[in-house]
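The sequence lines fix the lettering, A, B, ..., with proteins before strands; numbering per chain opens at 1.
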Amino acid sequence: MELTSLIVRGLVIFTVFAVTLLIATYSTLAERKIAGFLQDRLGPDRAGPFGILQPLADAVKLFFKEEFIPSHANKWLFIVGPSLAMLTALMSSAVIPFGNEFSIDGQLIPVQGITVNIGLLYIFGVVSLGVYGLMIGGWASNNKFSLLGAIRAASQNISYELAMGMSIIAVLMLAGSLDLRQIVIDQQDNVWNVVRQPLGCVIFITCAFAECNRTPFDLPECEQELVGGYHTEYGSMKLGLYLFSEYINMFVSSAVIATLYFGGYDVPYLSTLGLDKNIETIIGIVALFGKIFFFIFFFMWVRWTLPRFRYDQLMNLGWKSLIPLAILNLILTGGGILAWEHFTK
Amino acid sequence: MQEYIQVLGVELGKFSGLLPELLLLIVSLLWLLPGFSKGQKTNPIWLYSLLIPIAGLVYLRWFSAWKGQSLGYGAIHFPETSKYFYLFTAGFAAIPIIGFASRSWGKNGFTFQQGFFYLSAIAGALLSLLSAQLLVLYLAIEILSFSSYFLAASALNKNASEGGIKYLLQGSAASACMLYGISWLYGITGTLNFTHPLFIEGLKMASPFTVYMALILVLGGITFKLSAFPLHVWVSNVYEVAPMPVVAFLSVVPKVAMLGVLWQLLPAIYQAIPQVYQLIGWVAMASIIVGNVTALVQKLPIRTMAYSTVSQAGYLLLPLLSGSELAYSTLLAYIIVYSLANFGVLIILENYGWKSFTFSQFAGMAKTHLWPMLALLVFFLSLIGLPPTLGFLGKAGLFLVLAEGFQALKSTFYLWMGILALLNAAVALFYYLHIPYQAWLKPKGFETNSKVPEMPISAKTWWPAQILVAIFIVILVVGFFWNSWL
Amino acid sequence: MADKLFYFLAFVTVLSALMVVFSKNPVHSVLYLILTFFSISGQYVILNAQFLAVVNIIVYAGAIMVLFLFVIMFLNMRTAAEDARKRNALIQLAGVISSGLLLTIVISALVRVDMAAHIAPAKALNTQVGMVENLGIELFTNFLVPFELASVLFIAAMVGAVLLAKREEGERNAF
């Protein structure tokens, strides 16, 4: 029995991992297609019908490019940088509850990589570790532009981490547990958190943009200012890892936004239909992926809509606007919970 | 809603024991708020308003409530012996405020942030006196330390920032040491509360070597604030670069607070391991000797004063070797002597702009500045311990305590300490009397004329400071003759 | 199983701590220190203090070490050059004293191993003691005074740090 459950758990983890990579891969294509759509042109459509094989072509191209390490660069740290970025990006998808539980032969198999009761803190911890990939890569390149880009990326990252953490605390106060599955169940029993926490949702989405280094917060890697930011000196698959980790981060951020604020795998009124439990789980998974795709589209939509923030505007926004707003959100949430419990005794 | 307010009231009511200190902390936090709108400059009226929370605190504690609930796991306690330490800490903290209006503060004068630091330093010192739990003690000492680091750097020029950062680095090392020692004590005894019987039981059952190590580590942190050997290295640098009121504060208030803490902490440890007095004795002796020797070779009077506080800290540690009534009253008397004399010297050095003078610049000053030189002479005499001043009684009391310990325990350790203390008092004569020697016995030199500012630094602080100095002199001299209250 | 895990993690902790001290490149030192924090978090997990483990990673490895790296990158420290080998007697004395202290600490740790278990009243082991709820309850009832004092300490440290580091007008511009 132990071996079987181990194999089953391993299978779930492997599936989550594979799905993460697959979606990130096709996000690269989606990015260019959506960019084309927003700019009234066709995206790439040469490689395969509608450009389906474009990511494969990109990957092959990157693999075949020349691998070089700049002179006087710190060789090991140069390699460790993109590896760290990829590692932390992939680690964060482990705790997201992708669906309710499958019951096969009377055994409940939760559709989640690892089921810990500190899932929310785990995500926060992995996000705060994500800074290292950028910083080490930028420093190890022995290039002043890279260093500037790395410093900017790191300071942006840690500034927006604070407001993100505080808005997460408000969700924690509502759900009463750090376990992501518990948060989804709480949203199933009550209403989705976006209704109860509008301010917190806006803050979290803004901070997610900043953590993924997406426009309008993509100053660390913009071309007009910094040549390429922290990945100036990188080529071939190491650059591929950096860019790919950004898309994985985007996927995971969308998944976390959907789970924390938009109900996760919850579909309203699904339980009233009285379907078989496994079918319900599958519908939940499909719903979650629909929400995730919507948010990925949202990320890309904003990219081509808003202009980029200047560095001091970015810092001002993070420290002087978002953090006070997040604290205000906390106070309002606390007061709201007290008032709610009093008035609905 | 009613029951929420009720529960809230009960929970807050548990804090009523600490209410005065908490109010002081809240007032100190309120001092940060005007900085948002007014920028940083303060009006001198604000400075005298600092006296109000301190006076209120002393009134609340001293005259009404020396009791309170001990919050969770016995975090605070209100022993009778800490009362005088509390009074002295708060009282002596009020005196440097007179100097705050002087120009020696940074570019903006005394700022709101510095008011916050000052009040929170006082709050930290007072909380450390009330704490019965090692964790609360540690945090209170840290609040005191952090505020003093930033007060020391408040002149904001390059030297001051550098001195402040050096102070901070050494202080962080000392507090890391202390925290490690506290974790050892917790591991040995299983409780953080040093007034609990389990603490003493645990110390008795552990091996003495382990307890010694833990104690050395904890004492490392406490001797840092006390500026005793071996962590006294910061004094000369900080005394040179910090503004004088901060120097006055640092030379007295942390010392009194730490002595109060040791007076509570050591008896618990003596019960478990009676030989610990030797450790304290070694630290005291080393402080006295090192302080004296280093003070002899200094060229700047302010650095000499710094090293003299190191040796005075050693003398202050001597009554802690025995916990008797005589030791208690001797300690308090010596604290009074030391604090008043120290304040007096520093106020005079500040008021006449002599802070950064060298010794030779004082040559022949007795003719032109008789009153300050007389005052300095009285203060130096009381620090040495010579007869017409109260200092003589303080030093005599110390020797009596040592003699009492020798009689009780029949150990030659006390004898050696007495001899060394006497010899060092003689050595201290040389550097304490250096300024009066220069002033009276040397002819007026060429350098003095060009550098002595004829007007005091700031008229606002002139008269209050002179009045204080006069009061101190009266206390020190008259106290010698009328000492029945000791 | 927990024993083997403990020994492995302890080995990693001590090894990476030693590498922090012995590595020539400061960035390598920082990375080894991060590894040390990770292994200490692992030991917290063995002790069933999950919250503490994750918070350790968030605060130490995720925030404080990032700021360490900032400073090192800004100052652009090279590998410690052993150029003029000044045999400073004082530094050697300090080295002897600190290693002597370390030796005494290690010896005193080995001398007597049975500690508070004998004297503290034996309570049933509460396996849930590390969980977030219980930690919160303890923190906000029994340890409320240290908790609030720590908040004042943080404010003092923040205000002081800004005071010391703030650029006055006319100072050299540094990004």
Enquirer: Do any of residues 122-136 of chain A come closer than 4.5 Å to chain C, heavy atom to heavy atom, and if so which ones, in number order?
Expert: A/Y122, A/F124, A/G125, A/S128, A/L129, A/V131, A/Y132, A/M135, A/I136
Enquirer: Among residues 154-167 of chain A, which residues come closer than 4.5 Å to chain C, judged by heavy atom distances?
Expert: A/A154, A/S155, A/I158
Enquirer: Please look at C/A63 and chain A and tell me whether the side chain, the backbone, both or neither of the residue comes under 4.5 angstrom of a heavy atom of that chain.
Expert: neither
Enquirer: Please flag which part of C/V54 lies under 4.5 Å from any non-hydrogen atom of chain A: side chain, backbone, both or neither.
Expert: side chain
Enquirer: For C/F70, I'd like to know if atom CZ has over 12 heavy atoms of other residues, nucleotides or ligands within 6.0 Å.
Expert: yes
Enquirer: When rounded to the nearest 0.5 angstrom, what distance separates CD1 in A/I151 from CG in C/L69?
Expert: 8.5 Å
Enquirer: Can you name the one residue among A/N117, A/L121, A/L178 that meets side chain to side chain contact (heavy atoms under 4.5 Å, CB included) with C/Q50?
Expert: A/N117
